[in-house]
Amino acid sequence: MPAWTVKRLLEWGIEYFSQKQVSQPRLSAELLLSSVLNLSRMKLYLNYDYQLSEPELKQFKKLILKRLDHVPIQYILGQAHFRNISLKVNSQVLIPRPETELLVDKALEIITDLKPSKINILEVGTGSGAIAISLAQEIAEDIDINLVATDNSSQAIELATENAEAVLGSKATKIEFITADVVPGDSKFLEKYRQKINVVISNPPYISEENYKQLDREITEYEPRNALVGGATGSEAYEHIFEAVKPLLSDSCGYLVLEVDPLVSDKARDLCRNIINPVSVEIKKDYNQKDRILLART
């Protein structure tokens with residue numbers, strides 16, 4: 001029987017996943033094998049002739065079986081990549097998507113144009129901490145940032161805090177992680193930040209109850225439902241966020257940067273106009289020319 005080399009396993013894995021209709025068969029096989037061998041995907045192809053040991057083959061088989069059950073790769077490996085960072089993830093938090101990186105791009109553009117000496121940022125629904133950690137890492141050192149990141153899941157806040165410490169080290173203190181539904185309800189928080197938040201950034205749940213039923217089982221069976229479903233219409237979370245942050249936004253220098261879905265983008269924009277009454281509000285497109293970012297200025 002031919003030896004199970006990297007080359008043979010990759011070819012077999014890709015074909016097997018394709019037959020079983022597992023999404024991204026090549027990426028799945030590459031990432032799982034990379035994890036077993038502790039090699040980058042590129043180095044897999046530089047070690048094509050390496051023959052796996054029995055323990056390595058056994059571990060690869062275990063991961064294959066999980067993937068066949070449509071467990072997302074990120075949850076199998078306990079890791080997801082976002083912009084320049086690697087994050088620990090589990091089923092308590094949404095897997096960061098490439099489209100969400102555009103939120104960070106837009107926020108960085110705003111902050112660069114403002115050239116502030118100090119800036120207050122609020123992230124709503126931080127999940128794994130991907131957005132907040134990226135901002136803390138990428139905002140210029142000469143800007144004094146105060147970043148508050150909230151989530152209604154204490155488990156998500158615990159994981160985000162762990163990720164911040166792992167990625168940022170001593171700079172993790174730039175972020176204050178708080179368990180809260182949008183923002184803390186106590187008067188102390190409200191008074192501290194009343195009309196002082198310069199940027200509100202969020203990737204809120206925006207999928208309708210009906211559309212959620214049509215999603216792939218990888219999503220509905222494994223990712224947290226409350227991070228995906230925004231209510232009956234999918235727009236309810238926007239209304240909730242706008243109402244909660246309105247008293248906090250700076251009236252002289254306040255911005256909202258929120259991810260939207262094309263199906264709710266018009267509704268989200270109307271809600272923003274009616275509740276926030278901003279100077280301007282527009283919808284920006286993503287890589288595929290789909291409505292993706294609501295950008296408003298107070």
Side-chain angles (χ1 to χ4, degrees), residues 82-85 96 99-151 157 160 164 168 171-178 180-184 189-204 206 237-260 265 268-269 271-273 275-284 286 292-298:
F82 185 81
R83 295 180 69 83
N84 307 316
I85 60 179
E99 293 84 1
T100 304
E101 296 185 7
L102 294 172
L103 290 182
V104 179
D105 285 333
K106 186 53 63 177
L108 290 172
E109 285 177 22
I110 290 168
I111 294 164
T112 299
D113 289 343
L114 290 174
K115 296 182 177 65
S117 57
K118 182 173 183 177
I119 191 163
N120 292 318
I121 303 169
L122 169 65
E123 186 202 357
V124 177
T126 193
S128 64
I131 292 173
I133 295 169
S134 294
L135 288 173
Q137 183 187 65
E138 297 183 48
I139 290 173
E141 289 287 338
D142 59 345
I143 299 175
D144 181 12
I145 67 169
N146 180 47
L147 207 164
V148 177
T150 68
D151 200 288
I157 288 295
L168 300 173
K171 292 182 181 178
T173 55
K174 290 183 176 182
I175 310 173
E176 180 182 8
F177 290 105
I178 301 174
D181 186 14
V182 183
V183 296
F189 183 89
L190 179 60
E191 290 310 310
K192 181 179 179 180
Y193 290 107
R194 187 183 296 276
Q195 294 187 333
K196 291 180 181 177
I197 296 293
N198 303 111
V199 178
V200 173
I201 187 167
S202 179
N203 176 21
Y206 51 65
Y238 294 101
E239 183 174 6
H240 190 35
I241 290 171
F242 294 147
E243 293 283 6
V245 304
K246 183 178 181 179
L248 304 176
L249 278 165
S250 168
D251 54 6
S252 60
C253 180
Y255 289 83
L256 289 141
V257 186
L258 276 70
E259 185 165 331
V260 296
S265 58
R269 179 171 50 198
L271 285 167
C272 184
R273 283 175 176 154
I275 298 171
I276 302 294
N277 190 27
V279 172
S280 65
V281 57
E282 56 184 324
I283 302 294
K284 299 287 188 178
D286 64 13
R292 188 60 59 190
I293 299 175
L294 179 146
L295 178 61
R297 180 170 65 88
T298 57

Checklist line | Side-chain touch Arg292/Glu259, heavy atoms, less than 4.5 angstrom | finding: yes
Check: What distance separates Ile121 CD1 from Ile110 CD1, expressed to the nearest 0.5 Å?
Finding: 10.0 Å
Next item on the list: For Phe82, check ring pair (Phe, Tyr, Trp, His ring centres under 6.0 Å) against everything at least two apart and list the hits.
Entry: none
Notebook entry, point to check: Do Ile143 and Pro116 have side-chain heavy atoms sitting under 4.5 Å apart?
Noted result: yes
Check: How far does CG of Leu122 sit from CG of Asn198, to the nearest 0.5 angstrom?
Finding: 11.0 Å
Next item on the list: For residues Val182 and Ala244, report the shortest heavy-atom separation together with the two atoms involved.
Entry: CG1-CB, 3.4 Å
Notebook entry, point to check: If only atom types and distance count, is the side chain of Glu101 paired as donor or acceptor with the main-chain N or O of Arg83 below 3.5 Å?
Noted result: yes
Margin query: Just so I know, are the side chains of Cys272 and Tyr238 near enough to count as touching, which here means a heavy-atom distance under 4.5 Å?
Written below: no
Margin query: Which heavy atom of Pro278 sits nearest to which heavy atom of Arg297, and what is that distance?
Written below: CB-O, 3.2 Å
Checklist line | Min side-chain heavy-atom separation Lys284-Leu102 under 4.5 Å | finding: no
Check: With a 4.5 Å limit on heavy-atom distance, are the side chains of Ile145 and Leu135 in contact?
Finding: no
Check: Is a side-chain donor or acceptor of Lys196 paired with a backbone partner of Asn120 at a separation under 3.5 angstrom?
Finding: no
Notebook entry, point to check: Taking atom CD1 of Ile111 and atom OH of Tyr255, what is their separation to the nearest 0.5 Å?
Noted result: 10.5 Å
Item checked: Atom pair CG (Leu103) and CD (Glu123), whose distance is rounded to the nearest 0.5 Å -> 9.0 Å
Next item on the list: Determine yes or no for a side-chain-to-main-chain donor-acceptor pair under 3.5 angstrom, with Arg194 supplying the side chain and Pro247 the backbone.
Entry: no
Next item on the list: First locate atom CG of Leu258, then atom CG of Leu271, and finally report the distance between them rounded to the nearest 0.5 Å.
Entry: 11.0 Å
Item checked: Distance in Å, Leu249 CG paired with Leu256 CG, rounded so as to fall on 0.5 Å steps -> 5.0 Å
Checklist line | Taking every non-hydrogen atom, the tightest pair across Ile241 and Pro204 | finding: CD1-CB, 3.6 Å
Next item on the list: Look only at the side chain of Asp151 and the backbone of Ile157, and say whether a donor-acceptor pair between them is shorter than 3.5 Å.
Entry: no
Check: What are the two closest non-hydrogen atoms of Ile201 and Ala107, and how far apart are they?
Finding: CD1-CB, 3.9 Å
Check: What residue pairs, at least two apart or across chains, pass side-chain hydrogen bond (donor to acceptor under 3.5 Å, both in side chains) with a residue in residues 107-119?
Finding: Lys106-Glu109
